[in-house]
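First the proteins, then the strands, lettered A, B, ... as listed; each starts at 1.
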Amino acid sequence: MPELPEVEVVRRGLERWVSGRIVSGVQVLHPRAVRRHVAGPADFADRLVGRRFGAAHRRGKYLWLPLESPSGNDGPAAPEGTSLLAHLGMSGQLLLQQGESRDETHLRIRIRFDDDRVPVSGETEGTELRFVDQRTFGGLSLHDHAPGQPDGLPDAIAHIARDPLDPDFDEAAFHAALRRRRTTVKRALLDQSLISGVGNIYADEALWRSRLHYDRPTATLTRALCAALLVHVRDVMTAALAAGGTSFDSLYVNVNGESGYFERSLDAYGREGEPCRRCGTAMRRRPWMNRSSYYCPRCQRTPRR
DNA sequence: ACGTCGACCTGTGGGC
DNA sequence: TGCCCACAGGTCGACG
């Protein structure tokens, strides 16, 4: 489940329902789901059993939970340690389920808990965490903590930039990188080593709000334009998060299987042929990098070459 | 070093 | 109805 707001919805669910629980069993039903775990499925399972999950963290579209020893006082993400890393890819879901409930069609990994926590406010407590993923672009893996990084950040994602909702996001460095690079603005927004968490939907939304064409060269972006773009990226993501994320179908859900409703608030993405909410001009869709870009031909003028 | 493109998967919906 | 193609929210590695 794709972009930052949807992943943050999942992180909050993990924090509430998974952090602090002890793993009693792991079943890898599809090896591709753990392909980033180089030592293989058996090692993945062996190293997880008996460990307790720490706090849930996120950077961009990646999620991770540091592993603690079951007795517990490891403190917050020991500098030398291991974290469970998760990426949802295009279609991944992390779901809390009752052990007796039927397996999902695309169930890839099952993580069982051996505790029996008292249900909060009368809700049913799932006894297992399931990774369900139709297209298998996502996956789980275990990684050492990156040296000198906080919260047990997995070394495998040390190259991922901070995301725009991170208080330590470096706006000056981002602008400097845009000026230095010879690329276009949407490509830059989707480059997770420059800014993380932005995907195809929120890139189009932020560009529409900024009145910027997706093919605008980044070298032409002034500090003010860059600042405005970042404001719009943050605004649209914050609004989407408040709505529980964007989902066009049941593929994108929180840990309890519920969808968000931000789709109805989208101004650009998926609106081909519909009137621009600012000027009424018919919105356009253009093939772009094996996907699509949606924009208003009047508000977002094609940059001159 | 940097920028671009295709590969990796499964499923769905539209056109014929 | 059935077939085929286009398309789907992401990332990475190979190549120029």
- Task: Decide, applying a 5.5 Å centre-distance limit and a 30° plane-angle limit (both strict), whether A:Phe137 stacks on C:dT11.
- Result: no
- Task: Determine the contact category for A:Arg35: base if any of its heavy atoms lies under 4.0 Å from a base atom, sugar-phosphate if only primed atoms, P, OP1 or OP2 are that close, otherwise nothing.
- Result: nothing
- Task: Provide the distance between the two P atoms, one in B:dA1 and one in C:dT11, to the nearest whole Å.
- Result: 23 Å
- Taking only N and O in the side chain of A:His87, is any of them less than 4.0 Å away from OP1 or OP2 of C:dT11? yes
- Task: Between A:Thr105 and A:Arg180, just flag the one whose closest nucleotide in DNA chain B comes earlier from the 5' side.
- Result: A:Arg180
- Below 4.0 Å: OP1/OP2 of B:dG11 and any side-chain N or O of A:Arg135: no
- Message: If I pick the C1' atom on C:dG13 and the same atom on B:dT10, what distance separates them, to the nearest angstrom?
- Response: 22 Å
- Query: How long is the line joining CD of A:Gln93 and C1' of C:dG10, in whole Å?
  - Reply: 16 Å
- Are OP1 or OP2 of B:dA7 and a side-chain N or O of A:Arg32 less than 4.0 angstrom apart? no
- Any side-chain N or O of A:Arg182 less than 4.0 Å from the OP1 or OP2 oxygen of B:dT4? no
- Message: Testing the 3.5 Å rule here: is there a donor-acceptor pair between the side chains of A:Thr82 and A:His143?
- Response: no
- Message: Determine whether a donor-acceptor pair (N or O, by modelled atom type, separation under 3.5 Å) exists between the side chain of A:Arg35 and the backbone of A:Arg32.
- Response: yes
- Task: Report the base-pairing partner of B:dC9 (Watson-Crick or G-U wobble, both distances below 3.5 angstrom), or none.
- Result: none
- Message: Check for me, please, whether A:Ile22 and A:Ile111 land in the same ILVMFWY cluster - side-chain distances under 4.5 Å, paths through other members count.
- Response: no
